[in-house]
Amino acid sequence: MKKLYHGGNNTPPFKPKSCKTSSSQANMESKSKIIAIFLLISTLLCTQAFSTSNDGLIRVSLKKVKFDETNRIIPDMGLDEGYSFLEAIKKYKQNANDHVDPQEPDIVSLKNYMDAQYFGEISIGTPPQKFTVIFDTGSANLWVPSSKCLLSLPCFFHSRYRSGRSQTYKANGQPAAIQYGTGSISGYFSEDNLQVGDLVISDQMFIEATREPGVTFLAGRFDGILGLGFSEISVGKAVPVWENMVNQHLVKEQVFSFWFNRKSEEGDGEGGEIVFGGVDPKHFTGEHTYVPVTQKGYWQFDMGDVLIGGKSEGFCKSGCSAIADSGTSLIAGPTEVINEINRAIGGAGIINEECKRAVKFVGGHVFDLLASVVADSKQICSGIGICPRSSGASNIGIKSVVDRSEDVSPGFGDNPGCAACKVIINFIHKELMENETRNSYLTLGSDLCSVIQGPLGQATVDCARIPSMPNISFIIGGKEFELSPDEYILKVGEGTTTRCISGFIPMDIPPPRGPLWILGDVFMRRYHTVFDYRNLQVGFAQAA
């Protein structure tokens, strides 16, 4: 799938190289080759975007974009390469309290797309207008940027829906807003035909977003979000896309499934596939373990214990609740439990890391400043009253008749205390200038940062320690689902600048919705996930 940009065309005008010939036959052959190449490329693009098979399954290819590629615009804005990642998590975490009232479905938590985005292509309208969207089981609405989005910068970097160009558009106009941690998207509802794979859903309600939050959607490689949750959490009581597929009898079975390609490392590689109407046996091995949906809204189910290195810590003795959420990159859980996991894997809180960075980058300047301050030993010793002060011609310790100070010693030369003071100050100045001394104190400062007490929050780890970290497991349906360190640690950056970030983040969702675990892409990459609408159950099996 090719990313569509507003005002542009997927395929740039073909400009053949000029060649000198007088033969019309050569020109005809050249044109024929151009047409053949064009048809071949078009066929490949169409095949990749909307794949079908004789098994009756509707497939949508997913592309994966790693964090670094999504943030090519961030350095140009003067922001740190990890800014968007950490900000997205911060917003996600801040919004936890929005889940308090189950009767308030208009509040949807912001998902973290900034480490690994999985998006696919859809079309809206007649003729079709193409968009890339996140297929999100943690929300229930479809929204895309509107052509009337004129005041939000992110809209100008993405494809925008133009109702005037669609023959099947139906006006609705009902206002809509989805609240996020530090911002919101807002706009109004419209209705039009929606194409997902080879399926055409008639009169699908969706939100034309006229305002969007800043950096998160600005840097994102997706245009909008297609929610696959239940109608119970749908903003404006709009019927979700998946339920319309079922209601309009467009799918063979009332099941859809996710497969994320763990072997895909390149931004243009095959990121995975979402299958509507069933499951693809090539995407998993063994049998699925199914657990019933305990509360409609999210795809929520009961989860058993959480194991660290194969050992139970008693986190879920009386059971826990969890949701499978394709729109979240990380695994979120209660703060107390997540902090324990992060400590077990050697994670340091972001506050600890920022403290170390401050010591490293500011410490040298502090030493330079201190060294310059103690450069004049005579002035310092005079200022603290140990050595005599200079005044007028009396610059060798002779007391002036106009000097009324009582702290100036009479006579010639320095008294023993003054001499000792100067020796000490000169020694301090020399030590401050020594690199070895600086390194010792900077190391001490960094060590002190490591013992700062407080909640870990989002944690970083030493990349070199990944092989020695414990496996983390979740008991679901009586079976153990294990994650290795390579699977739950996310790497940001390349080479010596690589930062390793824990895939576990604390988030406290209070009753009656919570406490709640969110098993996002970190979990779903390892385990093929089936969402069974007819039987109201979720299934997990080893991804192939």
Side-chain angles (χ1 to χ4, degrees), residues 66-68 70-71 74 79-90 92-93 112 114-116 262 265 306-311 313 315 329-333 335-364 435-436 438-474 482-507 520-523 525-526:
K66 297 179 70 176
F67 170 79
D68 295 61
T70 67
N71 284 272
I74 298 303
L79 300 176
D80 178 80
E81 68 172 1
Y83 174 82
S84 294
F85 179 85
L86 297 177
E87 280 299 299
I89 294 172
K90 184 187 297 183
Y92 178 37
K93 182 180 179 182
N112 167 36
M114 303 316 296
D115 178 67
R262 291 188 290 158
E265 294 296 336
V306 179
L307 310 180
I308 301 177
K311 298 181 179 180
E313 300 294 333
F315 296 143
S329 289
L330 308 179
I331 294 177
T335 297
E336 180 181 358
V337 185
I338 295 296
N339 283 351
E340 192 65 33
I341 292 175
N342 283 333
R343 289 189 184 98
I345 66 176
I350 294 298
I351 185 173
N352 304 88
E353 292 302 306
E354 292 303 318
C355 175
K356 291 179 181 179
R357 291 179 66 186
V359 169
K360 178 179 179 181
F361 293 107
V362 179
N435 286 332
E436 185 175 345
R438 293 182 179 216
N439 293 337
S440 297
Y441 280 96
L442 292 179
T443 300
L444 175 61
S446 181
D447 291 341
L448 290 175
C449 289
S450 300
V451 298
I452 292 177
Q453 296 297 316
L456 287 176
Q458 182 60 38
T460 61
V461 299
D462 182 355
C463 297
R465 296 189 66 253
I466 290 179
S468 62
M469 294 178 186
N471 291 337
I472 306 297
S473 304
F474 301 88
E482 187 177 72
L483 294 175
S484 69
D486 285 325
E487 292 166 334
Y488 64 69
I489 296 297
L490 295 84
K491 295 182 178 180
V492 179
E494 296 180 356
T496 57
T497 63
T498 301
R499 297 176 68 189
C500 290
I501 299 176
S502 168
F504 299 97
I505 181 172
M507 189 178 72
D521 297 346
V522 167
F523 185 85
R525 270 194 293 271
R526 173 74 184 270

Find out whether M469 and I489 are in side-chain contact, i.e. whether some heavy atom of one side chain is under 4.5 Å from a heavy atom of the other. yes
Residues in ring pair (Phe, Tyr, Trp, His ring centres under 6.0 Å) with F315, at least two apart? none
Sole residue of N339, L330, V337, I472 in side chain to side chain contact (heavy atoms under 4.5 Å, CB included) with F504: I472
Nearest 0.5 Å, please: how far is CD1 in I345 from CG in D462? 11.5 Å
State, to 0.1 Å, how close I308 and A344 come at their nearest heavy-atom pair, and which atoms those are. CG2-CB, 3.7 Å
Taking only residues two or more places apart in sequence, or in another chain, which ones meet E487 in a side chain to side chain donor-acceptor pair (under 3.5 Å)? R262, S484, R526
Considering only heavy atoms from C-beta outward, does the side chain of I331 approach that of F474 to under 4.5 Å? yes
Of the options V522, L490, N342, which is the one that meets S502 in a side chain to side chain contact (heavy atoms under 4.5 Å, CB included)? N342
Which value, rounded to the nearest 0.5 Å, describes the distance between C463 atom SG and I501 atom CD1? 9.0 Å
The side chain to side chain contact (heavy atoms under 4.5 Å, CB included) partners of E482 (sequence neighbours excluded) come to N471, S473, E480, Y527
Distance in Å, L307 CG paired with I341 CD1, rounded so as to fall on 0.5 Å steps: 10.0 Å
Run I466 and C500 through side chain to side chain contact (heavy atoms under 4.5 Å, CB included) and show every step you take. CA-CA 9 Å; I466 290 179; C500 290; 3.9 Å; yes
Examine distances only and state if a side-chain atom of R525 and a backbone atom of G520 form a donor-acceptor pair shorter than 3.5 Å. no
